[in-house]
Amino acid sequence: MPELPEVETIRRQLEHRVVGASIADAGAHWSDKFSPAVEVVGGEIMSAHRRGKYLLFDLDHGVPTELIVHLGMTGRLAVHDARDETDLTHPHLRAWWRFDDGRLFTFHDIRRFGRIHVVDAGRYGEIPTLYHLGPEPWDAAFTGRALAAFVKGSNRYLKTILLAQRAVAGIGNIYADEALWMAGINPANRRLSAQRADRLVETIRAALQSGLDHGGTTLRDYVDSDGETGANQHELFCYGRAGSPCHRCATELRSRVLDARTTTYCPRCQAR
DNA sequence: CCAGCAGCCTGAAAGC
DNA sequence: TGCTTTCAGGCTGCTG
């Protein structure tokens, strides 16, 4: 489940391998989730950015164009040496791009929760979550005040607001549970004081920074574009630890389902 | 506009 | 052992 730290880890690895490459050929799975990949044939990759969990490749394709990739749950991007014999019939291969130097850029996605879009640069209207995406977690616009305003304007669970990508970009289930545990806030709260909002902004940044520092969290499927697992799963305080003792107070961590998301929390440190 | 939720997907793990 | 069921979950799009 690539979230911001996993996507950023991949972006950093890909950047120096794809920038400057010209796309000579491409292919894609028939689904319209992936088929737009072929529209960038003839383009040159100018840069590789990230917004939230989206990878954004700027292309010169006559007009400024963006190739947008969301990894979903199990998406993997990799660049293969020209000598590699990459199997273009692999059952999980959803899209591929052949560079004019012979290298192959591939997108594998077992569960097909990923998505590929090609748009005129900056035209995100057909991608609702990206269109409405909130600030990056380290953006000056992401403040306790701004987060508190989002919570006040909504009647949803606090955790659901964090996952919705509007108040802040890039948080998924793992880092939401981690940040809420670190802040000592119950995920099912529907209100947030100014003081707690400031604290939650800090812990969101801390949880994501830990993920970045450890190359991402690998629970099932995540590997970076070199096929390496992350190490942040060894640093988790809360996510996936239901039934185990809280690292702060030794109370048994509990899990419940909030809006169809498994949520782990400490019933004592994160009392409502 | 909002909240809530089904549906998309597959393989691993658990249950029988 | 082998078959069936459950689970994981980000995002989209539908419903009320």
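Just so it is clear: chains get the letters A, B, ... in the order the sequence lines come, proteins before strands, and each one is counted from 1.
At whole-Å resolution of the value, CH2 in A/Trp30 and P in B/dC8 are 11 Å apart. Atom P of nucleotide B/dC9 and atom NE2 of A/His108 are separated by 18 Å, given to the nearest angstrom. Distance A/Phe107 CZ to B/dC9 C1': 13 Å, rounded to the nearest Å. In this entry the distance linking CZ of A/Arg111 with P of C/dT6 reads 17 Å, nearest Å. Atom-to-atom, CD1 of A/Ile110 to P of B/dA13 comes out at 12 Å; the value is rounded to the nearest Å. Between the C1' atom of B/dG11 and the NE2 atom of A/His90 lies a distance of 13 Å, rounded to the nearest Å. With rounding to whole Å, A/Leu4 atom CG is found 18 Å from C/dG9 atom P.
Proximity of a side-chain donor or acceptor of A/Arg50 to a complementary backbone N or O of A/Gly52 within less than 3.5 Å is detected. For A/Arg103 (side chain) and A/Val18 (main-chain N/O), no donor-acceptor pair under 3.5 Å exists by modelled atom type. Although no hydrogens or angles enter the test, the distance criterion places a donor-acceptor pair under 3.5 Å between the side chain of A/Arg51 and the main chain of A/Gly134. The backbone N or O of A/Thr262 lies less than 3.5 Å from a partner atom in the side chain of A/Asn173, making a donor-acceptor pair.
Judged by Watson-Crick or G-U wobble contacts below 3.5 Å, the nucleotide C/dT1 has no partner.
For B/dG11, neither phosphate oxygen OP1 nor OP2 lies less than 4.0 angstrom from any side-chain nitrogen or oxygen of A/Thr74.
Counting heavy-atom neighbours within 6.0 Å of A/Arg191 CZ, excluding the residue itself, gives a total of 12 or less. In this structure, A/Glu126 places its CD atom where more than 12 heavy-atom neighbours from other residues, nucleotides or ligands lie under 6.0 Å away.
One hydrophobic cluster holds both A/Leu200 and A/Ile174 under the rule that ILVMFWY side chains link at heavy-atom gaps under 4.5 Å. When the side chains of ILVMFWY residues are joined at heavy-atom separations under 4.5 Å, either directly or via intervening members, A/Trp96 and A/Ile45 end up in two distinct hydrophobic clusters.
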Nucleotide by nucleotide, 5' to 3', does protein get under 4.0 Å of the base (B), only the sugar-phosphate (S), or neither (-) in nucleotides 10-16 of chain C, counting heavy atoms?
-> BBS----

Nucleotides 2-5 of chain B: which of its N/O atoms have a protein N/O under 3.5 Å away?
from: B/dA3; atom 1: OP1; to: A/Ser154; atom 2: OG; distance (Å): 3.1
from: B/dA3; atom 1: OP1; to: A/Asn155; atom 2: N; distance (Å): 2.7

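Residue contacts for A/Thr262: at a heavy-atom cut-off of 4.0 Å it reaches the sugar-phosphate backbone alone, with no base atom in range.
Taking the ring centroids of A/Phe57 and A/Phe105, they lie under the 6.0 Å cut-off.
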